[in-house]
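Worksheet: one structure, shown below.
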Amino acid sequence: MEDVNKLALAEQKRILEEEYSWLLQTPRKKTEEGGGLPPLPNAVEGKVVTRFAPNPDFVIHLGNARPAILSDEYAKMYKGRMILRFEDTDPRTKKPMKEAYDLIKEDLRWLGVVWHEEYIQSLRMEVYYNIIKEMIKRGCAYIDLCKESSRELLRKGEYCQTRDNPPEWHLEQFEKMLNREYYEGEAVVRIKTDPKHPNPSIRDWVALRIIDTEKYPHPIVGSKYWVWPTYNFAVSVDDHLMGVTHILRGKEHQVNTEKQLYVYKCMGWEPPTFIHFGRLKLEGFIMSKSYIRRLIEENPDKFLGFDDPRFGTIAGLRRRGILPEAIREIILTVGIKPGDAKISWKNLAATNRKLLDPIADRIMYVEDYIKMTVKSPTCLHGRIPYHPDRPERVRKIMVCGGDNVFLQKADIEKYDELRLLGLGNFRVNREKNELELISTELEYARSRKLPIVQFVPERGAVNVKVLIPEGLELKVKEGLAEPALLEYSVDDRLQFMRYGFVRIDKIGEKNGKIYNVIYTHS
RNA sequence: GCCGCGGUAGUAUAGCCCGGCCCAGUAUGCGGGCCUUUCGAGCCCGUGACCCGGGUUCAAAUCCCGGCCGCGGCACCA
């Protein structure tokens with residue numbers, strides 16, 4: 001080593017290249033495959049099993065989409081399987097929303113996530129009961145009858161004296177819990193960890209507790225069960241039984257991982273590989289499920305629902321006009337690093353725009369418009385392509401002398417001469433609100449660098465209402481579009497020329513059709 | 001407060017594990033140009049970052065220590 005280092009750098013390099021070129025070959029074969037994700041640790045092709053495990057208490061948002069998409073992507077990359085599991089074991093404080101089960105699946109399908117198995121935890125209660133009985137027999141779990149005082153004891157590094165009773169006693173008590181001989185708070189099942197563990201939440205954590213389902217019925221299983229597993233217990237059992245090999249989740253689960261390991265150890269199960277990534281924020285959007293819920297409940301007239309385009313829910317982004325591929329692309333570039341990521345709206349919009357541009361037809365729309373009369377000795381026939389990449393697909397627009405057209409007021413104020421897109425070049429007469437035809441050749445406009453502006457003929461103009469989400473505001477603008485808009489229906493995405501991309505949200509009826517569109521981005 | 005994890009341009013990310021190919025790559029944004037029947041797209045040029053301070057070393061974004069800042073957890077929630 002010393003010898004080598006005495007040589008000049010260039011010399012070192014030369015020798016390296018000549019004699020050890022094989023070392024340089026594939027030192028780091030970059031991530032490219034699989035959309036740029038780094039390889040998954042401990043992964044074997046064909047054997048990888050991932051899972052996405054949402055709580056069906058509400059629809060999912062962009063932050064939830066991260067583990068879903070990453071799990072999907074890795075399962076695909078290694079030709080493995082992915083599991084969808086609904087974690088609905090708290091009918092009391094995180095009461096599941098009955099519709100959420102289907103809404104989440106709809107969002108996942110839309111995102112292109114493919115899952116091979118599907119489970120609902122509230123339908124697997126017997127499984128958890130059986131495992132905990134085994135753990136009690138093995139002396140890894142116990143029934144705590146100290147009620148509130150156990151919390152205090154554990155805080156001091158002590159524990160409820162029932163902990164030392166023999167397994168048989170605990171088994172009996174567990175049956176009593178199941179038979180509803182105990183009420184909420186009177187008995188819990190704890191996993192024996194270390195009562196002096198530096199992290200107090202890890203000390204003998206609770207595996208099952210009683211929830212009065214007569215009072216808090218579960219939307220799927222009603223009042224059938226009295227004893228419910230906690231998240232940490234149900235997750236450990238299911239991840240093992242379902243053969244999950246890789247768990248991708250946020251760093252808020254780091255401590256949970258440590259708790260869950262006690263179950264694996266007691267049962268002699270091999271733990272999966274855990275990967276924790278940072279939090280994901282979307283700048284300017286509300287992501288918190290509980291906050292969104294509250295906003296909707298408190299202002300039912302101000303918000304359009306959980307899919308309001310101002311929300312960071314998947315449904316909201318979809319309604320806004322964001323494409324699923326854009327969401328996936330963003331999540332893949334963010335990757336699995338442990339640091340937090342704050343995605344800027346500009347970045348998401350740019351990614352989306354790149355995908356939208358080739359598929360969105362172009363339509364002319366004006367807002368803050370002014371009516372102008374065309375002065376022309378003849379009728380003008382415009383042929384305007386729906387999309388610049390496909391010039392053969394055109395609509396025809398005819399404007400004759402004396403016809404009225406609507407233009408953006410700003411264009412009229414700013415330019416003395418301009419070209420109406422596809423039609424001809426005009427001189428602006430502001431006194432008379434007239435447009436005097438100069439010529440029709442594009443060359444004229446080019447050579448004189450005239451602006452080429454959109455316009456809407458008065459005849460057949462379609463009413464449009466544009467909803468513009470801006471933070472917590474939803475601005476509403478009204479304008480007019482050319483008749484070609486009538487060829488499109490709800491959910492179609494368009495570009496209003498010189499205005500921005502929009503998604504058709506609703507088509508109403510009010511003195512003819514009125515199109516409600518949502519402004520996606522510029 | 002206690003435990004844990006992070007800090008690369010406006011934003012996101014690569015490189016950090018295995019120190020020299022990095023006066024730091026890419027995308028987006030921003031500025032300029034070209035092209036174009038859109039203020040969109042595309043192409044070209046430019047702009048701009050290793051949190052701070054020590055240490056180890058011939059050599060540090062990369063290793064070590066300290067500080068600062070940010071985030072997560074501390075439930076009979078998930």
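Reminder, nothing fancy here: chain letters follow the sequence lines and each chain counts from 1.
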Calculate the interatomic distance between D194(A) atom CG and C3(B) atom C1'; express it in whole Å.
-> 14 Å
Listed partners of I468(A) passing side-chain contact (heavy atoms from CB on, under 4.5 Å), at least two apart = V466(A), E470(A), K475(A), K477(A), Y499(A), Y519(A)
In whole angstrom, give me the gap between the C1' atoms of U62(B) and C17(B).
-> 10 Å
Mate of G25(B) across any strand shown (Watson-Crick or G-U wobble, both atom pairs under 3.5 Å) is U13(B)
With P as the reference atom in both, quote the distance from G67(B) to U47(B) in angstrom, rounded to an integer.
-> 39 Å
Can you check the L418(A) CG to U38(B) C1' distance for me, whole Å?
-> 14 Å
How would you label the contact of F496(A) with the nucleic acid (heavy atoms, under 4.0 Å): base, sugar-phosphate, or nothing?
-> nothing
Does K337(A) place a side-chain N or O at less than 4.0 Å from the phosphate oxygens OP1/OP2 of U13(B)?
-> yes
Residues forming a side-chain contact (heavy atoms from CB on, under 4.5 Å) with P219(A), sequence neighbours excluded | P96(A), K98(A)
Atom CZ of R390(A) and atom P of G42(B) are separated, to the nearest Å, by 15 Å
Once you apply the 3.5 Å cut-off to both distances, tell me the Watson-Crick or G-U wobble partner of U36(B), or none.
-> none
side-chain contact (heavy atoms from CB on, under 4.5 Å) partners for N347(A), two or more places apart = S344(A)
Between G54(B) and G31(B) - C1' atom distance, rounded Å | 40 Å
Could you tell me the separation between the NZ atom of K342(A) and the C1' atom of A9(B), rounded to a whole number of Å?
-> 14 Å
Hey, do the aromatic rings of H61(A) and F306(A) have their centres closer than 6.0 Å?
-> no
For G422(A), answer base if it contacts any base atom (sugar-phosphate contacts may also be present), sugar-phosphate if it contacts only those atoms, and nothing otherwise; contact means non-hydrogen atoms under 4.0 Å.
-> base
What is the base-pairing partner of G46(B), counting Watson-Crick and G-U wobble geometry with both distances under 3.5 Å?
-> C30(B)
Classify every nucleotide of nucleotides 73-78 of chain B by which part a protein heavy atom approaches to under 4.0 Å, writing B for the base, S for the sugar-phosphate alone and - for neither, in 5'-to-3' order.
-> SS-BBB
Under 4.0 Å protein heavy-atom contacts per nucleotide of nucleotides 28-34 of chain B, with B for base, S for backbone only and - for none | BS-----
Between U36(B) and U26(B), how far apart are the P atoms? Round to whole Å, please.
-> 28 Å
Using the P atom on both, measure U28(B) against C3(B) and round to a whole Å.
-> 44 Å
Roughly, in whole Å, what's the span from CZ in F285(A) to P in U11(B)?
-> 18 Å
Complementary nucleotide for A61(B) - Watson-Crick or wobble, under 3.5 Å = none
Taking the C1' atom of each, how far is A49(B) from A41(B), in whole Å?
-> 29 Å
Can a salt bridge be assigned to the pair K409(A) and D368(A) using a cut-off of 4.0 Å between side-chain N and carboxylate O?
-> no
Interatomic distance, R419(A) CZ vs U36(B) C1' [rounded to whole Å] | 13 Å
Could you say whether Y499(A) or E283(A) is positioned toward the 5' end of RNA chain B, judged by the nucleotide with the nearest heavy atom to each?
-> E283(A)
Mate of G4(B) across any strand shown (Watson-Crick or G-U wobble, both atom pairs under 3.5 Å) is C71(B)
Hey, which of Y365(A), Y488(A), F501(A) is the one that makes ring pair (Phe, Tyr, Trp, His ring centres under 6.0 Å) with F496(A)?
-> Y365(A)
Taking CE from M497(A) and P from U36(B), how many angstroms apart are they, rounded to a whole number?
-> 16 Å
Looking only at atom P, what distance separates G72(B) and C22(B), rounded to whole Å?
-> 37 Å
CG-CG distance between L494(A) and D492(A), expressed to the nearest 0.5 angstrom = 6.5 Å
Measure from CZ on R155(A) to P on C2(B) and round the result to the nearest Å.
-> 15 Å
State whether D238(A) and R51(A) are salt-bridged, where the test is any N-O pair (Lys NZ or Arg NE/NH1/NH2 against Asp/Glu carboxylate O) under 4.0 Å.
-> no
Is any NZ, NE, NH1 or NH2 atom of the basic residue among D357(A) and R362(A) found under 4.0 Å from an Asp or Glu carboxylate oxygen of the other?
-> yes
Taking for each residue the nucleotide of RNA chain B with the nearest heavy atom, is it I330(A) or L421(A) whose nucleotide lies nearer the 5' end?
-> I330(A)
Cut-off 3.5 Å, no hydrogens considered: what does the side-chain donor-acceptor table look like for residues 273-286 of chain A, sequence neighbours left out?
from, atom 1, to, atom 2, distance (Å)
T273(A), OG1, N42(A), ND2, 2.9
H276(A), NE2, T257(A), OG1, 2.8
R279(A), NH1, E252(A), OE1, 3.4

In Å, rounded to the nearest 0.5 Å, how long is the span from NZ of K94(A) to CZ of F58(A)?
-> 13.0 Å
Separation of the C1' atoms in G6(B) and G42(B), to the nearest angstrom | 38 Å
